[in-house]
Amino acid sequence: MTQNVNIAVKTESGQIKKISHGVIFQPETQFKGGSVKWFDDSKLLKPEYRK
């Protein structure tokens, strides 16, 4: 999936003189249902901070 973006980059006396464009590439979602295994952040904490 792509998204085109037009951006006005130069104006003179309030009139647009140059228009630039860009493209945003967004990969398609590959999720097909099911459960998601979440990462346990508490494993990153030092032992003295774990509760």
Side-chain angles (χ1 to χ4, degrees):
M1 176 180 196
T2 61
Q3 180 180 4
N4 293 322
V5 180
N6 292 326
I7 303 169
V9 293
K10 186 176 179 183
T11 60
E12 288 180 14
S13 303
Q15 293 184 349
I16 298 172
K17 295 293 181 182
K18 183 176 180 183
I19 297 178
S20 181
H21 69 277
V23 178
I24 300 172
F25 294 99
Q26 182 178 358
E28 293 186 25
T29 306
Q30 298 294 317
F31 184 71
K32 293 184 173 68
S35 63
V36 176
K37 185 176 180 183
W38 296 98
F39 180 74
D40 184 11
D41 290 339
S42 66
K43 294 181 180 181
L44 299 175
L45 297 174
K46 292 182 179 180
E48 59 267 18
Y49 295 112
R50 291 184 189 169
K51 291 183 180 183

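These figures come from a predicted structure and were not determined experimentally.
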With side chains defined as the heavy atoms from C-beta onward, is the minimum distance between V23 and V5 less than 4.5 Å?
->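 Answer no - side chains too far apart.
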Taking only residues two or more places apart in sequence, or in another chain, which ones meet D40 in a side chain to side chain donor-acceptor pair (under 3.5 Å)?
->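 Per chain and number, D40 pairs via side chain to side chain donor-acceptor pair (under 3.5 Å) with S42.
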Does E12 have any salt bridge (Lys or Arg N to Asp or Glu O under 4.0 Å) partners at least two apart in sequence or in another chain, and if so, which?
->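 By the salt bridge (Lys or Arg N to Asp or Glu O under 4.0 Å) rule, E12 matches K10.
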Got a list of side-chain donor-acceptor pairs under 3.5 Å for residues 29-39, not counting sequence neighbours?
none

